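Being a predicted model, the structure only gives us computed values, none of them experimental. Just so you know, these numbers use all the heavy atoms, side chains as well, and skip hydrogens, waters and symmetry mates.
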Amino acid sequence: MNEDQALSAFAALSNKSRLSVVRCLVQAGPEGMTAGDIARRVGGSPSQTSFHLSSLSENGLISSERQARRIIYRVEYQRIGDLVHFLLEDCCGGNPIVRSCCEPRQGC
């Protein structure tokens, strides 16, 4: 991930509703969710949620897949991981104190 891609991804996440959508999709796991389910979960209207889903999709943070008449949205874990990696490796210089926050923990 380069700096421009990271800035674009951070800009997409810098909105409370979009951040809520991403967190909701992370919790949903690989099964994903429909836009209507996401809207209900985050307390937004369907049109607002669609707007936010579009922005997140444009930045590669989420993806969508049509299943019959439904569209399922999923978080792009690799892209989120790339963003975190960019932040920790490039910005923090691999500082072991900063990187320790990402070590696997019991019970997670």
Side-chain angles (χ1 to χ4, degrees):
M1 176 171 285
N2 65 40
E3 188 173 271
D4 289 338
Q5 293 169 325
L7 287 170
S8 182
F10 280 124
L13 291 171
S14 68
N15 174 282
K16 182 178 181 178
S17 295
R18 287 192 289 268
L19 184 58
S20 293
V21 167
V22 169
R23 294 183 77 186
C24 179
L25 287 172
V26 167
Q27 292 173 359
E31 294 80 27
M33 299 175 77
T34 65
D37 290 339
I38 295 167
R40 282 187 287 281
R41 179 80 69 81
V42 300
S45 72
S47 62
Q48 287 174 328
T49 302
S50 291
F51 172 78
H52 295 307
L53 288 167
S54 176
S55 176
L56 292 166
S57 182
E58 287 173 13
N59 285 285
L61 298 169
I62 65 168
S63 61
S64 61
E65 175 188 7
R66 181 170 289 280
Q67 292 181 353
R69 293 175 39 182
R70 302 176 345 147
I71 298 175
I72 304 298
Y73 293 90
R74 294 180 182 90
V75 73
E76 285 294 322
Y77 293 101
Q78 183 64 50
R79 182 76 167 175
I80 299 291
D82 290 345
L83 185 59
V84 171
H85 183 267
F86 173 86
L87 186 63
L88 294 178
E89 291 297 321
D90 294 339
C91 295
C92 302
N95 183 310
I97 295 169
V98 175
R99 293 187 71 212
S100 69
C101 72
C102 296
E103 293 175 1
R105 297 184 179 139
Q106 294 292 334
C108 291

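Annotation for Ile62 and Tyr73: closest pair CD1-CD2, 4.0 Å, computed over non-hydrogen atoms. The two atoms that bring Tyr77 and Pro30 nearest to each other are OH-N, 4.2 Å, heavy atoms only. Residues Asn59 and Ala12 approach most closely at ND2-CB, 3.4 Å, considering heavy atoms. Shown here for Met33 and Ala28, the closest heavy-atom pair between the two residues is CG-CB, 3.5 Å. Of all heavy-atom pairs spanning Thr49 and Ala35, the tightest one is CG2-O, 3.9 Å. Here the shortest heavy-atom pairing between Arg18 and Leu56 reads O-CD1, 3.7 Å.
Phe86 and Val22 fall within the same hydrophobic cluster, defined by Ile, Leu, Val, Met, Phe, Trp and Tyr side-chain heavy atoms under 4.5 Å apart, directly or through other members. Note: the hydrophobic cluster containing Ile38 also contains Ile80 (ILVMFWY, side chain heavy atoms under 4.5 Å, direct or indirect links).
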Next item on the list: Start with the C-alpha distance between Leu53 and Ile71, add both sets of side-chain angles, then the distance that settles side-chain contact (heavy atoms from CB on, under 4.5 Å), and finish with yes or no.
Entry: CA-CA 11 Å; Leu53 288 167; Ile71 298 175; over 6 Å; no
Item checked: Verdict with supporting geometry, Arg74 and Glu65, side-chain contact (heavy atoms from CB on, under 4.5 Å) -> CA-CA 8 Å; Arg74 294 180 182 90; Glu65 175 188 7; 2.7 Å; yes
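No donor-acceptor distance shorter than 3.5 angstrom exists from the side chain of Glu58 to the backbone of Ser55, with no hydrogens or angles considered. One N or O on the side chain of Ser14 and one on the backbone of Ala11 form a donor-acceptor pair closer than 3.5 Å. Within the 3.5 Å criterion, the main-chain N or O of Ser50 finds no donor-acceptor partner in the side chain of Ser54.
Listed by chain and residue number, Glu76 satisfy the side chain to side chain donor-acceptor pair (under 3.5 Å) test with Ser63 (two or more places apart in sequence, or in another chain). For Gln48, the side chain to side chain donor-acceptor pair (under 3.5 Å) partners at least two apart in sequence or on another chain are Ser45.
Within a 6.0 Å sphere centred on CD of Glu3, other residues, nucleotides and ligands contribute 12 heavy atoms or fewer. The number of heavy-atom neighbours closer than 6.0 Å to CZ of Phe51, taken from other residues, nucleotides and ligands shown, is 12 or below.
Ion pair Arg40/Asp37 flagged as a salt bridge, since at least one NZ, NE, NH1 or NH2 atom sits closer than 4.0 Å to an Asp/Glu carboxylate oxygen.
Counting heavy atoms from C-beta outward, Leu61 and Val75 have side chains that stay 4.5 Å or more apart. Side-chain contact between Leu83 and Leu13: present, with at least one pair of heavy atoms (C-beta onward) separated by less than 4.5 Å.
The line from CE of Met1 to CD of Gln78 is 9.5 Å long, rounded to the nearest 0.5 Å. Once rounded to the nearest 0.5 Å, the distance linking NZ of Lys16 with NE2 of His52 reads 11.5 Å.
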